[in-house]
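Let me begin by presenting the structure, written as structure tokens, before commenting on it.
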Amino acid sequence: MSPTAKPLPKIKAIGKKAKEYKSEVKPIWCKGCGHYAVLAALTKALAQLELEKENVAVISGIGCSSRLPTYTRLFGFHGVHGRALPVAGGLKVARPDLTVIAVGGDGDGFSIGGNHFLHACRRNVNITYIAMDNEVYGMTKGQASPTSPSDWDQSKLTPHGTGVPALQPASLALGSGAGFIARGYFGDPRQLTDLIVQAIKYDGFSFVQALSNCITYVPEQKVWKQRVHEFESQNNADPIPTAADIQRDDGFGLGVIHNADHGAWMPEHPETQDEKLELEQMKSSFEL
Amino acid sequence: MSSIAIAGYGGTGVITTGQLLLKSAAKSGFFGLAQRSFGPQIRGGESLSLLRFSEQQVLSPDDYYDLVVLLDTDHVARFRGELPLNVDSTVILGSIGAKVPDFVTESGAQVVEYPLDDLSNETADGGENIVVTGLVGYYLGLELKVLVSIVQKHFAHKTELLSKAELWLASGWEFAKTQKRSLNISLDVGQSDKSAESPDWVINGSEVCGYGALEAGVRFVAAYPITPASGILEWMAPRLERLGGSLIQAEDELASINMIIGASFGGVPSMTATSGPGLALMTESIGLAVASETPLVVVNVMRGGPSTGIPTKSEQSDLNIALHGLHGDAPHIVTAMLSIADSAYTSGWSVWLAEHLQVPVITLSDQSMAQSDASISEPTLWPEKAERLYAAEAETPYERYALTHSGISPMAIPGEEDMMYTADGLEHDIKGTPSAATEVHQEQLAKRAKKLTQFDYGTDWAEIQGEGDKVILCWGSVSQVAIDAQQRLGKGYKVIALRLLAPLQVDALREAIGEARQILIVEQSHGAQFRAWLRAHMDFPCPHISLALPGPLPIRPRQILKVFAQFEQLATEVEHVANC
């Protein structure tokens with residue numbers, strides 16, 4: 001089918017409930033995992049936006065948080081480690097009528113999938129990316145991730161800590177050209193829901209870093225509750241002060257970090273498209 | 001029949017010469033092939049146009065070159081292996097006093113010196129390649145007015161050069177005429193029987209491959225640039241958008257394969273094109289397409305490997321990775337284009353198979369086809385647009401991976417009400433829910449294998465030429481060399497050229513081999529990969545010899561003839577004749 005054949009998403013004016021978007025499948029997540037709250041915030045956001053379930057696709061890679069699509073009643077794609085963003089980008093370009101949301105963790109998104117993150121930011125296809133950041137590889141049982149503090153020494157794989165500074169996703173996103181960057185916290189579901197709503201509504205690539213604690217491997221993340229604060233922004237539409245604000249921030253500032261209207265990118269198509277005629281012309285170009 | 005090679009250096013434009021001669025000969029009713037060989041440099045390196053003309057369709061190189069024009073003699077020795085000469089060959093040096101390369105002297109070929117550089121300098125700087133077009137055109141017996149019309153067309157958008165080009169062309173033509181030298185390469189122009197076949201299409205291997213995929217329904221492509229596959233993508237990009245489709249240049253091959261997985265999940269037939277190193281990067285996600293049953297096509301244009309290898313030269317050494325590169329038990333389809341003329345058919349068929357069977361198809365081409373031009377009879381095209389088995393109406397709950405008789409399960413695409421499911425690379429049950437249960441794994445493994453093994457591939461699995469009990473088994477571009485050899489060998493020889501490599505059609509192949517007395521397996525790889533694949537599935541009824549020669553040199557018909565001439569002796573002494 002042609003990518004333009006589908007009608008625009010139907011937005012019915014009847015109220016939606018978050019639970020309509022959840023499946024019957026019981027999550028594999030540990031009791032107390034932050035991801036439950038992110039799943040709840042996502043489904044609440046979809047309900048607020050009154051999106052039809054069949055017109056939303058949730059795409060993920062590998063990791064604890066990447067299990068999320070199965071827990072929704074949406075079209076889902078659970079792919080390989082690190083590649084959620086290209087799957088999501090390909091789907092959106094082929095099917096612009098869909099709302100496409102990529103989800104995953106910090107290892108999936110910023111380590112193995114790091115290159116795709118940079119290019120998704122600069123390509124600016126109209127998709128939303130929610131990275132559940134718990135600073136650890138949970139599914140492989142507790143190794144340091146790119147966002148782990150350099151002195152976090154609780155993994156047997158890096159017994160002295162990584163010794164490498166933690167990566168700052170918001171900074172990376174800004175430097176790569178993302179137009180919408182937000183940071184939420186699983187412990188503030190109301191704000192997180194609101195940030196996801198704004199991200200989905202944003203016309204272009206939108207990035208939400210969702211601080212989501214790992215109760216099992218980094219229980220000390222309980223102190224995040226005391227550490228989070230409002231992100232101090234001078235002018236979040238302007239990338240120049242925003243770059244300074246991100247550097248000044250301790251990584252726990254919550255809210256919309258950057259919101260600039262770049263206009264989403266989509267491949268261009270010429271207006272006249274008579275498929276049969278075009279194919280005939282291609283064929284005749286081979287004729288002697 | 002005549003074979004001509006033109007070697008140049010530093011942007012002399014010998015590839016253009018080849019294309020102009022190919023088109024002029026085609027206009028005059030003759031078939032031709034124009035292959036390219038490049039040094040490793042991006043610009044200013046040596047390049048070689050390798051031409052063959054005939055009254056019949058020719059899609060592979062001959063044994064020796066009748067005429068070689070050397071516009072460069074300093075660096076051409078690097079191509080010596082690609083320029084087989086004998087005492088009947090003529091070598092024209094493009095300037096007076098040029099040093100004769102040693103390999104030319106050793107071959108016993110006649111050498112003549114022509115001041116081709118002066119001929120173009122008399123008119124303007126450059127243009128040597130157009131002078132050569134006139135010169136070779138004369139020797140081929142082509143009419144000047146045909147050459148002029150083709151050159152005019154070529155320079156249509158460079159009008160400032162057109163009048164000079166016509167002068168260059170005429171000066172080459174006139175010079176050849178004054179030399180009164182007969183080169184014995186003349187085509188039978190003007191005398192050819194009107195009922196004889198003549199070419200209908202002038203094509204490039206990459207372009208027809210892309211065209212076949214578009215005709216079969218591909219509307220999304222994501223890819224990363226790589227030699228020698230980029231030609232397919234560059235041809236498709238502006239055409240795909242006119243069909244309402246899209247092409248994305250991805251950040252790497254990991255992204256391109258996953259982008260097409262996403263697009264195909266969305267219901268749009270999708271493909272990518274790459275070469276060995278890119279295919280290696282894609283293999284994990286091709287496995288994902290197997291597990292999630294996402295249709296897609298990967299066109300792999302083979303070049304010399306392993307690693308970066310020889311990017312500009314042809315080889316058939318990616319067969320192993322195409323067959324075995326995926327981890328786990330991952331049934332998928334591997335097809336191969338059998339010639340430039342077959343490219344559109346095989347790419348179309350591959351798209352159809354991928355969509356119909358909800359499976360990734362790796363279709364193999366190679367540099368010798370993708371970067372060549374040819375004039376051909378109108379080729380057979382794959383006749384059907386691909387159609388997926390879509391989930392027709394809501395059956396609640398929808399079971400994406402339902403166990404069916406054929407193994408093919410109806411597929412819902414996003415947007416279908418009440419048909420939501422999650423496609424998964426994790427082993428999953430019929431609904432798509434992840435499961436590590438033994439019976440679920442066994443059921444789904446069997447389902448994915450069954451849908452490929454039970455399908456009836458008809459007669460498309462191979463092209464069979466000739467009848468006899470001496471059998472040549474081959475695949476891909478080498479098939480054309482095998483057919484050429486078979487025509488020279490005459491009665492009693494049969495070529496079985498495989499278009500479908502996986503799943504291997506063992507029963508059909510066994511039947512085609514029949515009561516063979518001699519089997520020769522020909523392939524362009526050092527490791528005899530094709531032979532190993534065949535032998536893993538079957539025993540042969542008779543002695544067999546493997547002629548497995550690596551690139552970058554093309555396999556030539558005489559090498560096949562030579563093995564058959566000594567078959568009895570070779571078959572008792574050795575089984576594997578490398579570098580024969």
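Naming convention: chains lettered A, B, ... in sequence-line order (proteins, then strands); numbering from 1 in each chain.
In this structure, a donor-acceptor pair under 3.5 Å is present between the side chains of H78(A) and D424(B). At a cut-off of 3.5 Å, with distance as the only test, a side-chain donor of N258(B) or S285(B) sits close to an acceptor on the other residue.
Taking the ring-ring contact (aromatic ring centres under 6.0 Å, His included) definition, one finds that Y224(B) meets it with nothing, sequence neighbours left out.
Between V100(A) and V56(A) there is no side-chain heavy-atom pair separated by less than 4.5 Å. Within the 4.5 Å cutoff, the side chain of D342(B) has heavy atoms near those of the S339(B) side chain.
Residue Q281(A): no heavy atom, backbone or side chain, is found under 4.5 Å from chain B. Proximity to chain B (any heavy atom under 4.5 Å) is shown, for L279(A), by both the backbone and the side chain. Residue K283(A) touches chain B through both its backbone and its side chain, counting heavy-atom pairs closer than 4.5 Å. Interface residue E378(B): only side-chain heavy atoms are found under 4.5 Å from chain A. For A344(B), no part lies under 4.5 angstrom from a heavy atom of chain A. Only the backbone of Q249(B) comes within contact range of chain A, judged by heavy atoms closer than 4.5 Å. Looking at T294(B), only its side chain comes within 4.5 Å of chain A, counting heavy atoms on both sides. If you measure heavy-atom distances from V25(A) to chain B, the contacts under 4.5 Å come from the side chain alone. Neither the backbone nor the side chain of I257(B) comes within contact range of chain A; no heavy atoms are under 4.5 Å apart.
Taking 4.0 Å as the cut-off between side-chain N and carboxylate O, E275(A) and R219(B) count as a salt-bridged pair. Under 4.0 Å is where a charged nitrogen must lie from a carboxylate oxygen, and between K431(B) and E399(B) no such pair does. Between E50(A) and K16(A), none of the side-chain N atoms (NZ, or NE/NH1/NH2) sits under 4.0 Å from a carboxylate O, so this pair counts as no salt bridge. Between E251(B) and R123(A) there is a salt bridge, since a side-chain N of the basic residue sits under 4.0 Å from a carboxylate O of the acidic one.
At most 12 non-hydrogen atoms from other residues, nucleotides or ligands lie less than 6.0 angstrom from NZ of K153(B).
Rounding to the nearest 0.5 Å places CG of N204(B) at 8.0 Å from CD of Q19(B).
When ring centroids are compared, W29(A) and Y71(A) come within the 6.0 Å threshold.
Using bins of under 30°, 30° to 60° and over 60° for the plane-to-plane angle, the ring pair W201(B)/F286(A) lands in the parallel bin.
With chain A as the partner, the residue from G217(B), A222(B), A26(B), S256(B) showing the most heavy-atom pairs under 4.5 Å is A26(B). The most heavy-atom pairs under 4.5 Å with chain A, out of L247(B), L254(B), T433(B), V202(B), come from L254(B). Of the listed residues (F220(B), Y211(B), W235(B)), the greatest number of heavy-atom pairs within a distance under 4.5 Å of chain A belongs to Y211(B). Between chain A and the residues A255(B), A250(B), A289(B), the largest count of heavy-atom pairs under 4.5 Å involves A255(B). For the options I203(B), D252(B), I261(B), L214(B), heavy-atom pairs under 4.5 Å to chain A are most numerous at D252(B).
Residue-level contacts of residues 109-120 of chain A with chain B, in order of numbering, are N115(A), H116(A), H119(A); threshold 4.5 Å between heavy atoms.
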